Amino acid sequence: MSVLTLNCGSSSVKYSVYEPARRAFLARGVVERVGSADAFLKEKRGERELRLEEAAPDHVAAVRLVLRALGEGEDAPARDPRAIRAVGHRAVHGGERFAQSALITDELVRTLEELSVLAPLHNPPNLAGIRAAQALLPGVPQVAVFDTAFHQSMPRAAYLYALPLAWYERHGIRRYGFHGTSHLYVSRRAAVVLGRPLAELRLVTLHIGNGASAAAVLGGRSVDTSMGFTPLEGLVMGTRSGSIDPAIPLYVMEREQLSVAQMDKQLNKQSGLLGLTGRFNDRRDIEAAAAQGDEGCRLAIELECRALSKTIGAYAAVMGGLDAVVFTAGVGENSALIRARALQGLGFLGVRLDEEKNQAARGGKAELDIAAPGSRVRVLVIPTNEELVIAEDTLGIVEGRFGQPGFRYSFE
Ligand code: AMP
């Protein structure tokens, strides 16, 4: 029996099949171009790659394609769909209603629909995925694992903005934070790698991918995070601005006669590293161009790393000290340059990097401590594994163990 995880975006469905008995993923894959006639599926089973091409006009067709792929071949991860014990869905926005993962009921679906106003780009495809899985796997329990849940432990002073309090009460304007599943995973793994109880650790976890966020994790609980009401706030990202003076969009909208939708696009899709360089949002391109002497790309790296370093310093202040900085996701796991630059000015906090170890940490699945031997603050590179959290939450909920006092993840 296995758990199917689904992460449904507007035009893609990422999935994995986890077998708890072997503590292993039998397959991981993605359907791309959902909503079009030329959708395709790519799946990895160990070293083997499978590719299927088929029209997928909607999420039902995409999930049907996933189930077909899982039934194919000698090594089919789920030849009979009845082998799927439960489905775990990545759900982006749980608002204040969900501080942890939950079994999907009709009521939960209604709540997600209500929360779509807060995450208009993310919750509707998540809902489409839930409905598709319910239709294609009737009777199989489904669980929602929220990106916001891990950050629900933030104190009021961290999640409120200095805005009219009525906006919070009327519209739910507050910091929610995202990437919670990833911050949860890497913070728990950090305790294992450091060989210390999570309860005594002050961690800054940095999820740096195309989107990027930082979290201050004190004793295993998120006490602050850089993404806010939406995933637009905080660090400099691939195409998102991160934190700016809120007066800027008002000013530019007036000067350039932009609509709300146009400004939204500017801030979410045309800003960040893309906005600065005018060409790139992929860090590999930016690093390569910077190495060739491109000033715009050098500056973009400087802005990105300055935002990271300021955030680490701020979170050390929030937690009254720092035991480790944890890097994860595409950039965090691969870019020695960004890691080194982000930590450059933090010697005063007791952060010292081992440059050789830092250079060697790229692209692997290994968990590494890349701090210099005498560094007071440890620096870890930990590949994230959101699917594992989704699979284990799902299984824990289906088996009635999740949320009970003795519940533990296999990876902690
Ligand atoms: P993610 O959203 O976690 O998939 O991360 C995507 C980002 O990781 C992209 O901006 C990639 O350029 C970046 N990335 C992946 N590999 C590398 C690498 N070797 N060096 C620098 N950045 C990388």
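Every number for a ligand or one of its atoms is a count from 1 in the order of the listing. If you're wondering where the values come from, they're calculated on a predicted model, not measured in any experiment.
A donor-acceptor pair shorter than 3.5 Å can be found between the side chains of T328 and E333.
Nearest-heavy-atom check against atom 5 (O) of ligand 1 across G209, A288, G211, S182 picks out G209.
An N or O contact shorter than 3.5 Å is missing between E287 and ligand 1 by distance. Considering backbone and side-chain atoms together, N210 places an N or O closer than 3.5 Å to an N or O of ligand 1. Inclusion of G330 in the set of residues having an N or O under 3.5 Å from an N or O of ligand 1 is warranted.
Ring geometry, H93 versus F178: the interplanar angle exceeds 60°, so the pair is classed perpendicular (tilted spans 30 to 60°).
The cationic atom of R174 (NZ for Lys, CZ for Arg) lies less than 6.0 Å from the six-membered ring centre of Y176 and within 45° of the ring axis.
Distance from atom 20 (N) of ligand 1 to its nearest protein heavy atom, with residue and atom name: R284 CG, 3.6 Å. Shortest contact from atom 13 (C) of ligand 1 to any protein heavy atom: V331 CG2, 3.6 Å. Scanning the protein for heavy atoms near atom 22 (N) of ligand 1, the closest one is R283 CB, 3.5 Å. Regarding atom 17 (C) of ligand 1, its nearest protein heavy-atom neighbour is N334 CB, 3.5 Å.
Around atom CD of E107, no more than 12 heavy atoms belonging to other residues, nucleotides or ligands sit under 6.0 Å away.
Taking the six-membered ring for Trp, H151 and H179 have ring centres at least 6.0 Å apart. Under the 6.0 Å cut-off for aromatic ring centres, Y161 and Y159 do not qualify, their centroids lying 6.0 Å or more apart. Taking the six-membered ring for Trp and the full ring otherwise, H207 and F327 have centroids separated by 6.0 Å or more.
Remark: E200 engages R196 in a salt bridge, criterion side-chain N to carboxylate O under 4.0 Å.
Listed by number with element, the atoms of ligand 1 under 4.0 Å from a non-hydrogen atom of S335 are 21 (C). With ligand atoms numbered from 1 in the order given, ligand 1 contributes 10 (O), 11 (C), 12 (O) to contacts under 4.0 Å with heavy atoms of D282.
Using a non-hydrogen distance threshold of 4.0 Å, R362 does not register as a contact of ligand 1.
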